[in-house]
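Structure first, commentary second.
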Amino acid sequence: MSQPPLPASRQTKLLSPDANGIAEAAALLRAGGLVALPTETVYGLAADATSGSAVAGIYAAKERPSFNPLISHLPDLASARRQGLFDANALALAQVFWPGPLTLVVPASPGCTVSELARAGLPSVALRVPAHPVAHALLEAVGRPVAAPSANRSGRISATSAAHALADLEGRIDAVLDAGPTEVGVESTIVACLDGAPRLLRPGGVPREAIEGVIGRPLVLAGEAGHAPLSPGLLASHYAPAARMRLDAEAPHDGEAWLGFGPGQDYPASLNLSLAGDLREAASNLFGHMRKLDALGHGTIAVARIPEQGLGEAINDRLRRAAAPR
Ligand code: TXA
Ligand code: MG
């Protein structure tokens, strides 16, 4: 398997966690840049969650092979409630543990502004209000949800200091906001509140017992007998349109919709992931384009071949899941 090419090299600034550093980090994020930010759990590799192309940059910088949904960070419960629908359990957990190392997966609200790519096309959204004062100030200044997985290259240990983040990501991101080592050191606990009984998706900074104390019953483990696994990576159907998908196609057959990539692919019932053949642009368009083509009601969506390199590997992974027999 070939090595994905590195994202274009850029100068990574080291910012101090004062008013100037935070303002500069916020401006970079609002402009679509990538900034490693401190939270109380781990350093996060942050991007504007509302921008598909900014979010695609996270995957490129991390060399993350697949589009897992990302956690969106907010400064407070009020802003989180604009993005997601909180049932009684979610509200109680948020009131007790926010700000803090708890992530809640809730149904996305009708007005949710988190991009399809950050949500991996799911109808839910993962929300977190971190306790770190620098993260809080930055989120206030950005004024939009901020997507942030751990600030390390894929497959490596999570970054708990600016030095860790730099070691993995220097030259790939715009800045690191250095506020010293993180306090909690493990990622947030993830609890899904989607359909009644809350489920534990990932153990983390808030212990299970503390959560059970608030909801007044045992947390159902995601994937336990009788419960469908919630980890989207395991669920091909989450990416599967109603139409069949025909991959690595040269051109559409009669009656097929066409999902193109690169120039010179002007067919009826078609959308192009990136005319310029830019994988980052293609990644940010993928779920939205699939959805739009599916809505046209053609039996099959034929898809151009996407290079199996860089973000192409992730795009192809999702396309294969969508094309897998159901
Ligand atoms: O402590 C943390 O949570 C760190 C810091 C930076 O805040 N962030 C972090 O984010 O670990 P991230 O994006 O790597 O976490 C992604 C996890 C994955 O396990 C993913 O499957 C789950 O969150 N997740 C996100 N959205 C989900 C959703 N809608 N449904 C189910 N799981 C979801
Ligand atoms: Mg991680």
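Heavy-atom basis, side chains included; hydrogens, waters and symmetry copies ignored.
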Distance-only donor-acceptor hits, side chain of residues 17-24, under 3.5 Å, sequence neighbours excluded:
residue: Asp18; atom: OD1; partner: Asn20; partner atom: N; Å: 3.3
residue: Asp18; atom: OD1; partner: Gly21; partner atom: N; Å: 2.8
residue: Asp18; atom: OD2; partner: Ser16; partner atom: OG; Å: 3.3
residue: Glu24; atom: OE2; partner: Lys13; partner atom: NZ; Å: 2.4

Using a 4.5 Å side-chain heavy-atom cut-off and chaining through intermediate ILVMFWY residues, the residues clustered with Leu85 come out as none
Between Gln83 and Ser72, is any side-chain donor less than 3.5 angstrom from a side-chain acceptor? no
Looking at Ile211 and Val191, what are the two nearest heavy atoms and their distance? CD1-CG2, 3.8 Å
Strictly distance-based, threshold 3.5 Å: is any side-chain N or O of [X] a donor or acceptor partner for the main-chain N or O of [Y]?
X      : Y      : value
Asn316 : Ile306 : yes
His136 : His132 : no
Ser274 : Phe261 : no
Tyr43  : Asp178 : no
Lys62  : Asn152 : yes
Arg305 : Ala249 : no

What I'd like to find out is whether the side chain of Leu177 reaches to under 4.5 Å of the side chain of Pro38, using heavy atoms alone. yes
If a pair satisfies salt bridge (Lys or Arg N to Asp or Glu O under 4.0 Å) and one of its residues is in [range], list it, with sequence neighbours excluded.
range            : answer
residues 120-147 : Glu40-Arg128, Asp48-Arg144
residues 82-95   : none
residues 248-267 : Arg246-Glu256

Go through Glu308 and Arg320 one step at a time and tell me if the salt bridge (charged side-chain N to carboxylate O under 4.0 Å, His left out) criterion holds. CA-CA 12 Å; Glu308 184 76 6; Arg320 284 184 205 116; 3.0 Å; yes
Extract all donor-acceptor atom pairs below 3.5 Å that involve side chains of residues 89-104 and protein atoms in other chains or at least two apart in sequence.
residue: Trp98; atom: NE1; partner: Leu102; partner atom: O; Å: 2.8
residue: Thr103; atom: OG1; partner: Ser188; partner atom: OG; Å: 2.7

